[in-house]
Number of protein chains: 2
Amino acid sequence: MIPRQQVEKRVAEFLETCRRQGVKATHQRTEILRELAGSEEHPDAETILARVRKRIPAISVDTIYRTLRLLEDRGVIARVGSMRDRARFDANTDRHHHFVCTECEMIGDFCSDAMDRIPVPLEVSEMGSVEGVYVELRGICRKCKQKAMKTKGPT
Amino acid sequence: MIPRQQVEKRVAEFLETCRRQGVKATHQRTEILRELAGSEEHPDAETILARVRKRIPAISVDTIYRTLRLLEDRGVIARVGSMRDRARFDANTDRHHHFVCTECEMIGDFCSDAMDRIPVPLEVSEMGSVEGVYVELRGICRKCKQKAMKTKGPT
DNA sequence: AACTCCTTTCGTAATAATTACTATTTAGGA
DNA sequence: TCCTAAATAGTAATTATTACGAAAGGAGTT
């Protein structure tokens, strides 16, 4: 569970960002971010919509997508879980990476100093200037592995 | 330019894979792979379709997508360039990573022993078993940087 | 408070990539 | 050559995401 304190910290940061950038800190935007910041599972747009609707029943699809784009553009949230059918989101702006289960699409966070320290190869510097790194470890999660065991029988 | 020899090597490997796995090595599949293996630009499905149509005018959209999925599932090709609107493909199965220009979506290949050697954090081993790594460096390519210079004037 | 201006939202329609369906064709073994 | 399961063509359907126009909302001013 994510501590409420941290969620509110992220929300407060966002409100501050809005003020600085002259963007309105609307109820909808705040609730969308609050919902995302309180999730550990990196939900997709549809999931966020469903949850925020519990608090703001009339919120529209358009607002969800528009807001997610806005937040992403401002660097408040990030898009994770590459190239699946639906985009997944993450409000954790601390430096970290992801493990993705290719079976159930579960996404987990992890940190790695080693990864963060890797120098950019010269080869790449010649292509252009690097501004960000996206690392994703892919595999099968604990839960799916156990499920496979039960189905096929243990090795 | 990619040497014809290498393209044909990949095609031959695919034909072998088909035999081993009991999948039919059709003309369409072969041409799709041949086209992709001969491209350095990591084309999307639509681009591949257009090019293969020069040789097989009647090939259908369905076949393109179905085949790309098949090749991906068999590990013959990979999907790259995360979470943009269209998927991009890569027939290079040698270990390498990608640089993606966030402006023009150009994708370039590079190798990095340092990246390949990074150990999987314990934290991740607890989530599940890692079977693959996807690394993407993001930034602005040479060409786009120059274009920006001309537009806004040099710094 | 009333007025104005500009942003944002809602509700829904439109778009675009990808997937599904069915009749027909084809690859590859007997 | 013949047979059968697998694959394809052509097109329809699906799904995520984006766009649009009318209405609502917030902030500053009078």
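Per chain, numbering begins at 1; letters A, B, ... match sequence-line order.
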Residue pairs fulfilling ring-ring contact (aromatic ring centres under 6.0 Å, His included) with at least one residue in residues 48-80 of chain A, sequence neighbours excluded: none
By salt bridge (Lys or Arg N to Asp or Glu O under 4.0 Å) - contacts of A/Asp94 (at least two apart): A/Arg10
For atom CD1 of A/Ile48 and atom P of D/dT17, their distance in whole Å: 10 Å
Donor-acceptor contact below 3.5 Å, side chain A/Thr47 vs main chain A/Pro43: no
Degree of bending in the helix from C/dA1-D/dT30 to C/dA30-D/dT1 once both end axes are built from five pairs, to 10°: 30°
Per-nucleotide protein contact string for nucleotides 16-25 of chain C (B base, S sugar-phosphate only, - none; heavy atom under 4.0 Å): -SBBBB----
Residue pairs, two or more places apart or on separate chains, that pass salt bridge (Lys or Arg N to Asp or Glu O under 4.0 Å) and touch residues 100-112 of chain B: B/Arg84-B/Glu105
Partner residues of A/Asp62 under the salt bridge (Lys or Arg N to Asp or Glu O under 4.0 Å) criterion, sequence neighbours left out: A/Arg66
Residues in salt bridge (Lys or Arg N to Asp or Glu O under 4.0 Å) contact with A/Arg95, at least two apart in sequence or another chain: none
Residue pairs passing the ring-ring contact (aromatic ring centres under 6.0 Å, His included) test where at least one lies in residues 9-47 of chain A, sequence neighbours excluded: A/His42-A/His98
Residue-phosphate contact under 4.0 Å: A/Thr63 side-chain N/O, C/dC10 OP1/OP2: yes
Pairs flagged by side chain to side chain donor-acceptor pair (under 3.5 Å) wherever residues 122-131 of chain B is involved - sequence neighbours left out: A/Lys145-B/Ser129
Which residues share a salt bridge (Lys or Arg N to Asp or Glu O under 4.0 Å) with A/Asp44, sequence neighbours left out: A/Arg86
Residues clustered with B/Val133, ILVMFWY side-chain links under 4.5 angstrom: A/Phe99, A/Met106, A/Phe110, A/Met115, A/Ile118, A/Val120, A/Val124, A/Met127, A/Val130, A/Val133, A/Val135, A/Leu137, B/Phe99, B/Met106, B/Phe110, B/Met115, B/Ile118, B/Val120, B/Val124, B/Met127, B/Val130, B/Val135, B/Leu137
A/Leu68 CG - C/dT8 P separation (whole Å): 15 Å
Residues within residues 13-36 of chain B bordering DNA chain D, heavy-atom distance below 4.0 Å: B/Val23, B/Lys24, B/Thr26, B/Gln28, B/Arg29
Atom-to-atom span, CD1 of B/Ile64 to P of D/dA7 - whole angstrom: 16 Å
